[in-house]
Structure formats: C-alpha cells, structure tokens
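We count ligands from 1, going down the list as the structure has it; atoms in each ligand are counted the same way.
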Amino acid sequence: MTDTAGKILKKLKEQQEEEGKLPLLLEFYQKLLQVQAAAQNRTAPPAATLNSEEIKTRLAQGRQLAGFTELGLDWELVQKLFSEISGVFAAYPSLFGELPARLQKPGARRLLTAEAVKAWFNGAELPSSLLKDISEPLLQAIIQATLQPFLAGYARAYQDYLKKDLLETWRRGDCPVCGGSPDMAFLEKEVGARWLVCSRCDTAWLYQRLQCPYCGTMEQESLSYFSDDAEIYRLYVCEKCKRYLKTIDLRKAGDEVLLPLERLLTAEMDRQARERGYH
Ligand SMILES: [Zn+2]
Ligand SMILES: [Zn+2]
C-alpha cells in the first residue's frame with residue numbers, strides 16, 4: 001500500500017469511528033481503496049525503464065513516458081481486479097445505478113479485454129460489445145479504477161525524475177506519464193504555481209494558470225474562477241469548451257491535504273459546476 005492510500009484509509013477509519021458511519025460516497029471510496037491496495041500488494045512495483053536522458057528527450061518532444069505496451073500489464077491481475085472493482089461499484093446502486101448482471105457473473109473478468117483497455121488508455125472509443133447495457137461514463141469509471149493501481153505504480157517509478165525544472169519543459173494539458181486528463185489541480189505553497197493532477201495516475205505537473213488545460217485557450221475573457229468563502233477551493237471554468245477544474249489552494253488549505261481524497265470531498269463542487277452548465 002502507498003503512503004497516501006494508507007493515510008486516507010486511516011483518516012476514513014477515524015471518521016467512521018467518530019460518526020458511526022461514513023457518508024455513502026466515502027464508504028464506497030474506502031472499499032475501492034482497500035481493493036486497489038490489496039491488488040498493489042500482489043504485484044512488484046514497476047521499475048523505470050527509461051533513463052534520465054530518455055525522459056528528458058521525451059518530455060521535450062511532448063511524448064508521454066508510458067505508451068500502452070510499455071505498461072507491461074499483468075493481464076491476469078488486471079482482469080481479476082476488474083471483477084473485484086465491478087463488485088464494489090455494484091454494491092452501491094444508489095450512487096451508480098444497477099450494474100448489468102453480466103458484469104457480476106463468474107467469468108465477467110474476461111469481458112475486459114486488452115483491446116478494451118488499450119482503447120480506454122488511448123482515449124479511443126470502447127468496444128460496443130462491452131458498452132451494450134451500461135453507460136459509457138460508468139464503464140469508464142470502472143476501467144479507470146481497475147487500471148489506477150497499475151498506472152499509479154508506473155508513475156511512482158518516475159516520480160523522482162519528474163522534478164519541477166524538468167516539468168517546465170512539458171506544460172501540456174495531458175499527463176506527462178500516462179497521457180491522461182487532469183481532473184484536479186492545486187496551487188503550490190511556495191509561489192502559488194498551478195499544478196494539474198492526472199485523473200488516472202495521480203502524477204502532478206506544472207501548468208500555467210491563465211490557460212485552459214482542456215482546450216488550450218489563452219483568451220482571458222473565456223477564463224475565470226469561483227472560490228469558496230475560505231478561498232481554499234477554486235473552480236476554474238472555461239467558456240470556450242465549458243469544462244471545469246477543481247483546484248485546491250495549498251497556501252490556505254493547512255498541512256494534511258490528501259489529494260486523492262479531495263476528489264471525493266469536493267463532490268459538491270462537481271454538482272455546482274454541472275448545475276452551471278460545465279462538465
Ligand atoms: Zn497520468
Ligand atoms: Zn477550455
């Protein structure tokens with residue numbers, strides 16, 4: 001288990017003991033983390049296969065570090081985890097709706113083929129056979145939760161290389177490790193620079209504040225943000241592509257911020273953003 005996952009689980013357990021029961025979304029997340037952590041314990045963490053020169057060259061060329069084949073996924077483990085993760089989602093129909101029965105049957109693990117994962121990884125369309133009776137966002141979420149331990153493990157192998165000065169050469173809207181989209185950002189403590197956080201592998205990278213990471217626009221009249229009363233959170237929005245980005249200001253947020261947990265704790269911001277017409 002990673003340090004962060006361990007800290008989050010500890011925090012959730014404390015909250016559970018204090019309040020008797022966790023809010024449903026956090027209870028779901030607790031189960032998800034436990035299953036993901038157990039999967040991580042079943043496999044050796046991947047080692048970096050690129051040396052520091054190769055990393056530098058790739059980033060300068062705008063090429064992510066992990067291509068699909070470079071991930072070297074252990075298929076048996078991926079498929080086993082897929083069926084476990086589907087089970088966790090299936091246990092919360094009030095959050096996600098009913099999961100199709102075929103995803104809960106023995107053997108359902110084989111539905112997640114290498115072709116499907118490759119399509120997901122590359123942002124291509126998922127095979128229609130997999131999608132026939134489930135919404136695409138829900139299926140995407142299940143695949144993402146399945147691949148998270150693998151991608152995050154890969155990202156950790158490169159963590160020490162990805163220092164701020166090296167990331168200065170990247171500054172793109174997608175993740176330098178896995179090519180995923182950001183789903184969160186933070187303003188760092190020192191100078192308040194904005195870092196994006198990958199929705200798939202939790203890698204953080206520098207990105208200019210005055211540009212939309214989703215459509216790349218720099219038109220200042222299209223970009224703005226809302227903040228809460230304590231000014232800890234900001235919701236950056238773009239009028240051009242109508243996307244939003246939740247951002248936490250670490251200069252104001254106190255010491256113990258666990259970013260993956262913040263995704264869930266800020267669910268209310270997602271609701272507000274959608275209500276305002278952003279996605
Ligand atoms: Zn990533
Ligand atoms: Zn935009």
| Can you tell me if E239 and Y278 form a side-chain donor-acceptor pair at under 3.5 Å? | yes

| Between Y233 and E262, do the side chains contain an N or O donor and an N or O acceptor separated by less than 3.5 Å? | yes

| task | Compute both the distance and the angle, then confirm whether R276 meets the cation-pi test with Y244: under 6.0 Å from the six-membered ring centre, within 45 degrees of the axis. | result | no

| query | Do NZ/NE/NH1/NH2 and the carboxylate oxygens of K10 and E256 come within less than 4.0 Å? | reply | no

| Minimum side-chain heavy-atom gap L139-W120 below 4.5 Å | no

| Derivation of the side chain to side chain contact (heavy atoms under 4.5 Å, CB included) call for I8 and Y29 | CA-CA 10 Å; I8 294 174; Y29 186 50; 3.9 Å; yes

| query | Hey, what's the angle at the Zn ion (ligand 1) spanning SG (C198) and SG (C178), nearest 10 degrees? | reply | 100°

| request: Have a look around the Zn ion (ligand 2) and list protein N/O/S atoms under 2.8 Å, or say none. | output: C212 SG, C215 SG, C238 SG, C241 SG

